[in-house]
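Structure record follows, encoded as C-alpha cells.
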Number of protein chains: 2
Amino acid sequence: MELSATAKVILGMLAARPRSGYEIKTLVDSSARFFWAASYGQIYPELKRLEGAGLITGADAFQGARQRTVYKLTAKGTRAARDWIQRPPETFELRDEGLLELFFAGSIEPARSAEIARERAARASAVAAELRSVEREIEGRHQAEGPEYSPDAGSLTVLKYGIEMNEWAAKWFERAAEDLEREMPEAA
Amino acid sequence: MELSATAKVILGMLAARPRSGYEIKTLVDSSARFFWAASYGQIYPELKRLEGAGLITGADAFQGARQRTVYKLTAKGTRAARDWIQRPPETFELRDEGLLELFFAGSIEPARSAEIARERAARASAVAAELRSVEREIEGRHQAEGPEYSPDAGSLTVLKYGIEMNEWAAKWFERAAEDLEREMPEAA
DNA sequence: ATCAGCATGTAAATGGTTACATGATTAT
DNA sequence: ATAATCATGTAACCATTTACATGCTGAT
C-alpha cells in the first residue's frame, strides 16, 4: 500500500475522528504546518483517491444548505495507517534560504554574515513564541472542556520539540552573530 | 531580478571561483544537501538560462577530448548575487515524516511513540557524526594545503549549526523517548 | 578489459502551489 | 449590508526527481 505524502496526513487526521477536507486543512495549518504542509489542491483530490481505494468513506453532512462531506477511516484505512506508522520514516526535506545565505555570505558579502545570523535568531524566537501560544491554547481548552480535549503524548512531544528547538536555535544564532561580529571589526 | 532557487545556489557556488555544472552538483551534495538540494535536471538547464540572462559565462575547458564547460560570474551576476544576499530570506520549507509519525502515533499506535522518538534520536546522532566528519575533512585540508583552502566564516557557521543542532536533538529525543516510555508502562 | 568516476544533457512523470470559481452561513 | 469564514473544487503553472542516453578518462 503506497501512500502519498498527503495521504499520510489525511489518514492521521482522520484517525482521531471524522473530518471534512476543510477541517483537515485548517488543522494542518494550525498544528502541523511547521513540519508538514498541505494545500487544498492536494487535499481534495487525495480524499477522492483514498475513497476510491476504499481507505476512507465520505458521508454528506449538510449544514443547512451548505455542502459538507465528512470522511472517516474504513477498516482498511485504519490498517493502512497502522502499517504506515510502523514503517521507518522516509521523507526528510529541508530548504532553508537563510542558511544558504549564511553559507555564501563569506564569499559574496562578508559584512552581512553577522546580520543574517541575527535575523535567524529573531526568526527562531518568533517561531518559538508562536508555538508557545499554540501550547497555551491547548492547555486552556484542556482546562475548560475536560480531558477529552487533551492531545495525545505524541503530538504534545512534537509541539514541545518545536518550541525548545527554536529557543535553542535563537540562543545559538545570537551567539554566532556576536562571534561573527568580533571576527570582522572593520564591518562594525 | 527574480532568481530561482537553483539560481541562488549556482551564483553562490560560482562566487568563490569558476566551476562546471558537475562540480556544482558534487559540492551541493557534499556541503549543502542538509538544507538545500539540487539535481542535474535543475542545474544544467539553469546554467543555460543564467548564461542567456548574462549573469554567468561559460568557457570550454576540455580535459583531453572530454567535454567540459566552466562557468564564472559576470559583473551583472556578481551584482545579482550581492542583491540576493542583501534581501531577507523567503524560502523555509520542512517536510519531516518522523515528526508526522510521532504527531499521529497517539491516535494510531500509542505504543510506538517512544520507539519513533528513539529512532529520531539515532537519526540525529548519525547526521551529527556525518557532519563532524565533513568538519574534520575541512580541517585536514586546511592543515595540509594552507589557508587558501580555509572556508569562510559563514559556511563554517552553518556546518557548526548542523552539528550542534543535531547533537542537541539527539539528546532531546532520547529524553523524550524515556518520558514516553514512563507514561505507558503497559507497552513496556 | 572493466569499472568507477567525470561530464553533459533531456524527457517524462510527479508533486505541489496559486489562483480562480462558486456559493452558504455567521457575526458585525 | 457586508465582511469573514465555512466549504468544495479545478486548471494552469511551476519545480523537482528519476531515469535514461552518451561518451571520456584513470585506476586496477
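These figures come from a predicted structure and were not determined experimentally. Below, chains carry the letters A, B, ... as their sequence lines are ordered, and counting in each starts from 1.
A/Y22 has no side-chain polar atom (N or O) that falls below the 4.0 Å cut-off from OP1 or OP2 of D/dT8. Using a 4.0 Å cut-off, some side-chain N or O of B/R95 falls inside it from OP1 or OP2 of C/dG16. Residue B/Q42 places no side-chain N or O under 4.0 Å from the OP1 or OP2 atom of D/dA15. Distances shown here put every side-chain N or O of B/S39 at or beyond 4.0 Å from the OP1 or OP2 atom of D/dT16. In this structure, B/R68 reaches the C/dA7 phosphate: one of its side-chain N or O atoms is under 4.0 Å from OP1 or OP2. For the OP1/OP2 pair of D/dG9 and a distance below 4.0 Å, the side-chain nitrogens and oxygens of A/K48 include at least one atom meeting the criterion. Residue A/Q63 places none of its side-chain N or O atoms closer than 4.0 Å to OP1 or OP2 of D/dC6.
Across the protein-nucleic acid pair, A/E93 atom CD and C/dG16 atom C1' stand 11 Å apart, rounded to whole Å. The CH2-P distance, from A/W36 to C/dT17, rounds to 11 Å in whole Å. For B/R66 and D/dG26, the CZ to P distance is 7 Å, given to the nearest whole Å. B/I24 has its CD1 atom 12 Å from the P atom of C/dA7, to the nearest Å. The nearest whole Å value for the distance from the CG atom in B/D60 to the C1' atom in D/dC24 is 15 Å. Atom CD of B/Q67 and atom C1' of C/dC6 are 12 Å apart (whole Å). Summarising the geometry, the separation between OH on B/Y44 and P on D/dT22 is reported as 17 Å, rounded to the nearest angstrom. Across the protein-nucleic acid pair, A/D29 atom CG and C/dT17 atom P stand 10 Å apart, rounded to whole Å.
Nucleic acid contact for B/S4: none, since no nucleic acid atom lies under 4.0 Å from a heavy atom of the residue. Residue A/T26 is out of contact with every strand shown, counting any heavy-atom pair closer than 4.0 Å. Using a 4.0 Å heavy-atom distance criterion, B/G64 is classed as a sugar-phosphate-only contact. Using a 4.0 Å heavy-atom criterion, one finds that A/E23 contacts no nucleic acid atom at all.
The number of heavy atoms from other shown groups lying within 6.0 Å of CZ (A/R175) does not exceed 12.
The side chain of B/T69 sits closest to C/dT8 out of C/dT8, D/dT8, D/dT17.
Residue A/A38 is the one, among A/A65 and A/A38, whose nearest nucleotide of DNA chain C lies closer to the 5' end (criterion: closest heavy atom).
Looking at B/K160 and A/D179, no side-chain N of the basic residue comes within less than 4.0 Å of a carboxylate O on the acidic one, giving no salt bridge. Taking the charged nitrogens against the carboxylate oxygens, A/R33 and A/E130 do have a contact shorter than 4.0 Å, which makes a salt bridge. Of the charged side-chain nitrogens involved, at least one lies within less than 4.0 Å of a carboxylate oxygen, so that B/E167 and B/R132 count as a salt-bridged pair.
A cation-pi arrangement is absent between A/R49 and A/Y44, since the terminal nitrogen or guanidinium carbon is not both under 6.0 Å from the aromatic centre and inside a 45° cone about the axis. Cation-pi geometry between B/R112 and B/F104 is not met at under 6.0 angstrom from the ring centre and within 45 degrees of the axis.
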